[in-house]
Amino acid sequence: MVTSPPPLKESQVKALATEQSFERGQRYYYSGAIFNPMRQGLMLWADCEGSMTYQPRVTLSAQGVEDSSCTCPYDWGGLCKHQVALLLTYVHDRDRIREIQPLKTLLAKRSREDLLHMIERMVQRYPDLLDVAEAPVAPTAGQAPDLNKYRRSVERVFQGSEMRAMAAALEALADHGQQFAQRQDWVNAGDIYQLLLETANDCYNYTVLEVDYDGQVGCVIQDIAEGLSDSLGQAKDLDAGRHRLWIETCLDAVFKDIELGGMDYAYPAWDALVT
């Protein structure tokens, strides 16, 4: 069942943008720059034609706007002009917005052959989706994780530039470690956490820190460090080589925190060293 669209006023949109962004967004809206607008549940997205075509996306809530993003490089606070134009379309011209069913509902109508063909076409058009197809699957009981796949996946994560997407992808990989931990399989859990933290130690630098101003990626790294610390404390009969590798990774995290100026990077790693 598709969630009913909540009400939204132009004044709410204006309050979420700078004066300049709102005025430019108005011009975009009135000039017809928004095309192919869609709504799926509480999520809106569209194409917006400007100097090039961008894709604004907005998630609504009963209070107004819950979340938003855009493929444009705008990063000066508040909604960008493309998001403003999309929301003004929602406020004033909602009949233009095409309502689509949830993705699971749409895909459930397709045969296996249709789905495979669809995925092949999508990967051909968007080669980056191959990373998704090759990503590690959720772990099953009694099966060791393929750490090479995790290594490739987490290295790709840190090649990105959008912090929300980076945090979500890193959290999805860390969740596999959590699933092993819930089964009390602390060795496999620790192997995943160690690999993720090791890569984070290598890749989370000043450049990422300056962009990660909300700490979205940093918070996930803290959870990973906590998972590795728990694994060190819970794993029984841990072999000497693995134990040394895990400890060294925690120590590297401590050095990384010092390098970054003591911003509590992966602070649970300290606990692994003092317990």
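The residues of the chain are indexed from 1 along the displayed sequence.
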Q. Taking it one step at a time, do Val84 and Arg24 satisfy side-chain contact (heavy atoms from CB on, under 4.5 Å)?
A. CA-CA 8 Å; Val84 169; Arg24 290 180 175 179; over 6 Å; no

Q) Going through the checks in order, is the side-chain contact (heavy atoms from CB on, under 4.5 Å) test met by Leu103 and Gln40? A) CA-CA 9 Å; Leu103 186 59; Gln40 186 179 61; 4.3 Å; yes

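Linking ILVMFWY side-chain heavy atoms closer than 4.5 Å, directly or via other members, places Trp186 and Leu195 in two distinct hydrophobic clusters. Transitive grouping of hydrophobic side chains (ILVMFWY, heavy atoms separated by less than 4.5 Å) brings Val217 and Met263 into a common cluster. By the rule that hydrophobic residues join a cluster once side-chain heavy atoms approach within less than 4.5 Å of another member, Tyr204 and Tyr206 end up as members of one cluster. Placement of Leu86 and Tyr30 within a single hydrophobic cluster is found when ILVMFWY residues are connected by side-chain heavy-atom separations under 4.5 Å, directly or transitively. Residues Leu115 and Met122 share a single hydrophobic cluster, defined by chaining ILVMFWY side chains whose heavy atoms lie under 4.5 Å apart.
Distance NZ/Lys109 to CD/Gln101: 3.5 Å, rounded to 0.5 Å. Rounding to the nearest 0.5 Å places CG of Asn205 at 8.0 Å from CG of Leu260. Once rounded to the nearest 0.5 Å, the distance linking CG of Asp223 with CG of Leu196 reads 11.5 Å. Atom-to-atom distance recorded for Gln178:CD and Gln182:CD is 4.5 Å, nearest 0.5 angstrom. Note: Glu23 CD to Thr18 OG1 = 8.5 Å, rounded to the nearest 0.5 Å. Taking CE from Met38 and CZ from Arg98, the interatomic distance works out to 5.5 Å, rounded to the nearest 0.5 Å.
Glu248 and Trp246 are not linked by any side-chain donor-acceptor pair at a separation below 3.5 angstrom, with hydrogens and angles left out of the test. For the residue pair Asp212/Gln216, the side-chain donor-acceptor check at 3.5 Å is not satisfied. Residues Tyr74 and His82 bring no donor and acceptor atom of their side chains to less than 3.5 Å of each other.
Gln184 CD: more than 12 foreign heavy atoms inside a 6.0 Å radius. Summarising the local packing, NE2 of His92 is surrounded by more than 12 heavy atoms from other residues, nucleotides or ligands at distances under 6.0 Å. More than 12 heavy atoms of other residues, nucleotides or ligands lie within 6.0 Å of CE in Met118, so this atom counts as buried by the packing criterion. Counting heavy atoms of neighbouring residues, nucleotides and ligands inside a 6.0 Å radius, atom CZ of Arg183 exceeds 12 of them. Residue-environment remark: CZ (Phe255) stays at or below the threshold of 12 foreign heavy atoms within 6.0 Å.
Side-chain contact check for Tyr267 versus Gln222: some heavy-atom pair is nearer than 4.5 Å. At least one side-chain heavy atom of Lys256 sits under 4.5 Å from a side-chain heavy atom of Glu259. Looking at heavy atoms from C-beta onward, Tyr29 lies out of side-chain contact with Leu87 at the 4.5 angstrom threshold. Side-chain atoms of Val208 and Met163, non-hydrogen and from C-beta on, do get closer than 4.5 Å to each other. Contact of the Glu226 side chain with the Tyr193 side chain is not registered, since no non-hydrogen atoms from C-beta on lie closer than 4.5 Å. Arg242 has its side chain within reach of Asp191: a pair of non-hydrogen atoms, C-beta onward, lies under 4.5 Å apart. In this structure, Leu232 and His243 have side chains that are in contact, with non-hydrogen atoms separated by less than 4.5 Å. At a threshold of 4.5 Å between non-hydrogen side-chain atoms, the residues Lys81 and Arg27 do not count as touching.
A salt bridge does not link Glu155 with Arg152: none of the charged nitrogens is closer than 4.0 Å to a carboxylate oxygen. A salt bridge between Glu10 and Lys14 is absent, with no side-chain N of the basic residue lying under 4.0 Å from a carboxylate O of the acidic one. Under 4.0 Å is where a charged nitrogen must lie from a carboxylate oxygen, and between Asp214 and Arg164 no such pair does.
Looking at every heavy atom in both residues, Val220 comes nearest to Ala167 through CG2-O, 3.8 Å. Here the closest heavy-atom approach between residue Pro139 and residue Tyr150 is recorded as CD-OH, 4.4 Å. When all heavy atoms of Pro268 and Ala225 are compared, the pair lying nearest together is CB-C, 3.9 Å. Nearest heavy-atom pair across Tyr54 and Cys70 is CB-SG, 4.1 Å. Closest heavy-atom contact between Leu228 and Cys250: CD2-SG, 3.7 Å. For the residue pair Arg96 and Asp93, the shortest heavy atom distance occurs at CD-OD2, 2.8 Å.
With respect to Leu170, the side-chain contact (heavy atoms from CB on, under 4.5 Å) criterion is satisfied by exactly one of Val154, Asp175, Thr199: Val154. Results of the side-chain contact (heavy atoms from CB on, under 4.5 Å) test with Tyr90 over Ile34, Leu44, Val58 single out Leu44 as the only residue that passes. Leu197 pairs with exactly one of Asp202, Ile224, Ile192 by the side-chain contact (heavy atoms from CB on, under 4.5 Å) rule, that one being Ile224.
With Gln83 contributing its side chain and Cys80 its backbone, the two residues share a donor-acceptor pair below 3.5 Å. Side-chain atoms of Tyr265 come within 3.5 Å of backbone atoms of Asn201 as a donor-acceptor pair (strictly under, hydrogens ignored). Judged purely by atom type and a 3.5 angstrom limit, Arg121 has no side-chain atom pairing as donor or acceptor with the backbone of Val123.
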